[in-house]
Each structure stands twice: as structure tokens, then as C-alpha cells.
*Asks:* 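Pasting a structure below so you can have a look.
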Amino acid sequence: MKKKRDSYKLIVTYSKFLLLVISAFLWTSCASKKFTDISYLKTSKALVENLPELNVFKTRNSKNNPVIIFIHGGYWMEGRKGIYGFLGRNFAKKEVVTVIPNYTLSPNGNYDTMAKEVAGAIKWTFNNIEKYNGNPNEIFLMGHSAGGHLIALTATNSKYLENPDIIKGVILNDSAGLDMYSYLKENPPTEQYNYDVTWTKNEENWKDASPIYSLTEKAPPFFNICGYKNISFHYFSE
């Protein structure tokens, strides 16, 4: 009789442990929810049949959360939103709704096409993010390398956003291309990396593509992260 009781206790203990493990797994796996391949553009001048789409990483239960729109890098000719799922899940678990768009890459589009599409993703986010537990009044932009250039350009050049005030801050992670005009004057664009398409041969476009020349007091605050070897420098500009 004692052996039966001991066996029963062992089964109950094991069942409780198994239930605890399953519950923990379900809770962590539901800490964020991913919505994929959402259309955010109606039209684009890009030379592609299918318009780019975006992914949204929603927080588990909390509402009215801050929002990050992340734009990937890749020489303006590489990269895709699917690579950065880890980033979206990480932010969402910390109650930050994350939007990760694709955008048309060179040679199917130039810097202006890309910036207009990024602006389209920002507008979509402002109009729709409440459905995904996000706060449209707390939208921040984050970009890496070429993506840093595109968000800086979109945030500073008034031709891309009718209401730039919807952007509360810009985070540049190892940003590239803030002054393409000076760079291209010394290194005229060639077919390498499709730069002849991305920037064109027109010097006026090089300046138009450079966020530093459209920076004004109305621009949102910037947080820049720049790396050199093993040293990182952080600074905030207003």
C-alpha cells in the first residue's frame, strides 16, 4: 500500500512539474506575437511587381506601448525584414511594439524611392499601430547602416513626411550616408554596389540625399551610436 502511495505522489509531483514547464514555455512563447507580410503601400515608383511589406511584433497584453520602426542596412542593395525577427521579439517582450519593413533595394529603386517607402511605413504605423497595442504618439525610428541613412533622411527632409512631428526620436546604429554629397564628390558613383543607380550621376541628387543638409531645429532628437574597433561612442544631439 505504501508503494502505491509513493508512486501516486511521484506521479502527482512529476505532473505538476511538467505543467509548470509547459506553462512557462507557453508564457514565454506568447510574450510577443508576430504579424507578417502586411502591405503598407498602395503605390511605388520602384521597378518591382510586388510592393514591399512589413512585419509587426506586438506586445503580449499591455496596451499603449511605445513603438520602434527598424530599417535594415545592406549597402542599399541587400537585406530583408525576415533577418531581424530576433530584434522584434526582443523589443516586444520589453513592451515596445516593433515594426520592421522591407523596402525596394537598388537597382530597382534609388535613394528617393527608398526614402518614400520608409515614409510610407511611418505613415502606416501612425494610422494602424493602435491595433497592435502601440501608441501612435510615441513612434521612434531606428536604422542600421544604410537604414540609418534612410531614417535620417526621412526624418529631416520635409518632402517625405507632411507631419514630421509624429517622430519622437531617431536612433542611428552605425549610420552611413549622412553626407553622401561630400563622399560622392571624392568617390563618384560606379556600378559597384549599384551606386550609380542608388545615387545617380547628378550632384544635386547627392546633396538632396544627404540628411546633414536638410537638418533644422524642427528635426526630432537623434541618438547616434558609432563604433571604431572595440570602442563605442554614444552622444545625443538636439
Side-chain angles (χ1 to χ4, degrees), residues 29 31-59 67-94 96-129 131-132 134 139-155 160-161 167 170-178 180 189 191-200 209 211 225 227:
S29 64
S32 64
K33 186 173 181 180
K34 179 182 178 182
F35 298 83
T36 60
D37 302 331
I38 300 171
S39 297
Y40 69 90
L41 289 174
K42 293 182 179 179
T43 60
S44 175
K45 292 184 178 180
L47 302 177
V48 291
E49 293 183 4
N50 298 319
L51 296 175
E53 299 171 322
L54 57 79
N55 294 343
V56 177
F57 294 82
K58 174 185 173 183
T59 53
V67 180
I68 280 183
I69 303 174
F70 175 78
I71 306 299
H72 70 76
Y75 290 99
W76 299 269
M77 59 170 285
E78 297 176 339
R80 56 185 176 84
K81 60 183 172 61
I83 297 174
Y84 298 93
F86 69 93
L87 186 146
R89 289 188 295 272
N90 179 67
F91 277 122
K93 289 176 183 178
K94 294 175 172 59
V96 178
V97 177
T98 308
V99 178
I100 305 180
N102 272 342
Y103 56 92
T104 298
L105 302 173
S106 184
N108 291 316
N110 62 19
Y111 78 90
D112 188 56
T113 304
M114 299 174 200
K116 286 176 179 175
E117 291 182 352
V118 169
I122 296 170
K123 293 172 186 176
W124 181 93
T125 301
F126 181 75
N127 292 325
N128 295 277
I129 206 61
K131 303 173 188 175
Y132 302 90
I139 295 175
F140 298 83
L141 306 182
M142 180 179 181
H144 169 251
S145 192
H149 161 261
L150 291 172
I151 61 170
L153 182 62
T154 307
Y160 294 112
L161 283 177
I167 301 172
V170 177
I171 304 165
L172 303 180
N173 181 4
D174 193 17
S175 59
L178 298 183
M180 288 308 303
E191 292 181 359
Q192 187 178 23
Y193 306 121
N194 298 321
Y195 274 13
D196 57 334
V197 176
T198 303
W199 311 112
T200 79
I225 305 172

*Asks:* Less than 4.5 Å apart, side chain to side chain, heavy atoms only: is that true for K123 and L161?
*Replies:* yes
*Asks:* Is there a donor-acceptor pair closer than 3.5 Å between any side-chain N or O of E117 and the backbone N or O of P52?
*Replies:* no
*Asks:* What distance separates L150 CG from S145 OG, expressed to the nearest 0.5 Å?
*Replies:*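 Atom-to-atom, L150:CG and S145:OG are 10.0 Å apart.
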*Asks:* Return the set of residues passing side chain to side chain donor-acceptor pair (under 3.5 Å) with T200 (not counting sequence neighbours), or none when no residue passes.
*Replies:*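 Residues passing side chain to side chain donor-acceptor pair (under 3.5 Å) with T200: N205.
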*Asks:* Identify which one of W199, Y111, Y193 satisfies the ring pair (Phe, Tyr, Trp, His ring centres under 6.0 Å) criterion when paired with W76.
*Replies:*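 For W76, the ring pair (Phe, Tyr, Trp, His ring centres under 6.0 Å) check succeeds only for W199.
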*Asks:* Do you know the tightest heavy-atom contact between A155 and V170?
*Replies:*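 Heavy atoms only, the tightest pair is CB-CG2, 3.8 Å.
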*Asks:* If you measure from CG on N102 to OH on Y40, what distance do you get to the nearest 0.5 Å?
*Replies:*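 With rounding to 0.5 Å, CG (N102) is 7.0 Å from OH (Y40).
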*Asks:* Side-chain contact test, heavy atoms from C-beta onward, threshold under 4.5 Å: evaluate it for M142 versus F91 and give yes or no.
*Replies:* yes
*Asks:* Nearest 0.5 angstrom please: I151 CD1 to L153 CG, how far?
*Replies:*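 Here the rounded value is 10.5 Å.
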*Asks:* From L54 CG over to T36 OG1, what is the distance, rounded to the nearest 0.5 angstrom?
*Replies:* 10.0 Å
*Asks:* For a side-chain contact (heavy atoms from CB on, under 4.5 Å) with L141, tell me which candidate from V67, I71, I122 qualifies.
*Replies:* I122
*Asks:* Can you check whether T198 reaches Y75 side chain to side chain, under 4.5 Å on heavy atoms?
*Replies:*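 No, their side chains stay 4.5 Å or more apart.
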*Asks:* If you take all heavy atoms of I100 and Y84, which pair is closest and at what distance?
*Replies:* CD1-O, 3.3 Å
*Asks:* How long is the straight-line distance from CG of N55 back to CG of D37, given to the nearest 0.5 Å?
*Replies:* 6.0 Å
*Asks:* Is there a side-chain contact between V56 and W124 in this structure, where contact means two heavy atoms from C-beta onward sitting under 4.5 Å apart?
*Replies:* yes
*Asks:* On a heavy-atom basis, which atom in S39 and which in E53 lie closest, and how many Å separate them?
*Replies:*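 Taking S39 first and E53 second, the nearest heavy atoms are OG-OE2, 3.9 Å.
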*Asks:* Working to the nearest 0.5 angstrom, can you tell me the gap between M114 CE and L105 CG?
*Replies:*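 CG of L105 is found 6.0 Å from CE of M114.
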*Asks:* For residues A152 and L172, report the shortest heavy-atom separation together with the two atoms involved.
*Replies:*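 That would be CB-CD2, 4.3 Å.
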*Asks:* Taking only residues two or more places apart in sequence or in another chain, which ones pass side chain to side chain donor-acceptor pair (under 3.5 Å) with D112?
*Replies:*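 Listed in chain order: K116, K159, Y160.
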*Asks:* What are the two closest non-hydrogen atoms of A146 and G74, and how far apart are they?
*Replies:* CB-N, 4.0 Å
*Asks:* Partners of D196 by side chain to side chain donor-acceptor pair (under 3.5 Å), sequence neighbours excluded?
*Replies:*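 Partners of D196 by the side chain to side chain donor-acceptor pair (under 3.5 Å) criterion come out as none, since no residue qualifies.
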*Asks:* Of all heavy-atom pairs between A121 and T125, which one has the smallest distance, and what is that distance?
*Replies:* O-OG1, 2.8 Å
*Asks:* Report the C-alpha separation of F70 and K81 in whole Å, then their side-chain angles, then the decisive distance to 0.1 Å, and conclude whether the side-chain contact (heavy atoms from CB on, under 4.5 Å) test is met.
*Replies:* CA-CA 9 Å; F70 175 78; K81 60 183 172 61; over 6 Å; no
*Asks:* Is the closest side-chain heavy-atom distance between F57 and K93 below 4.5 Å?
*Replies:* no
*Asks:* Does H72 have its ring centroid less than 6.0 Å away from the ring centroid of Y103?
*Replies:* yes
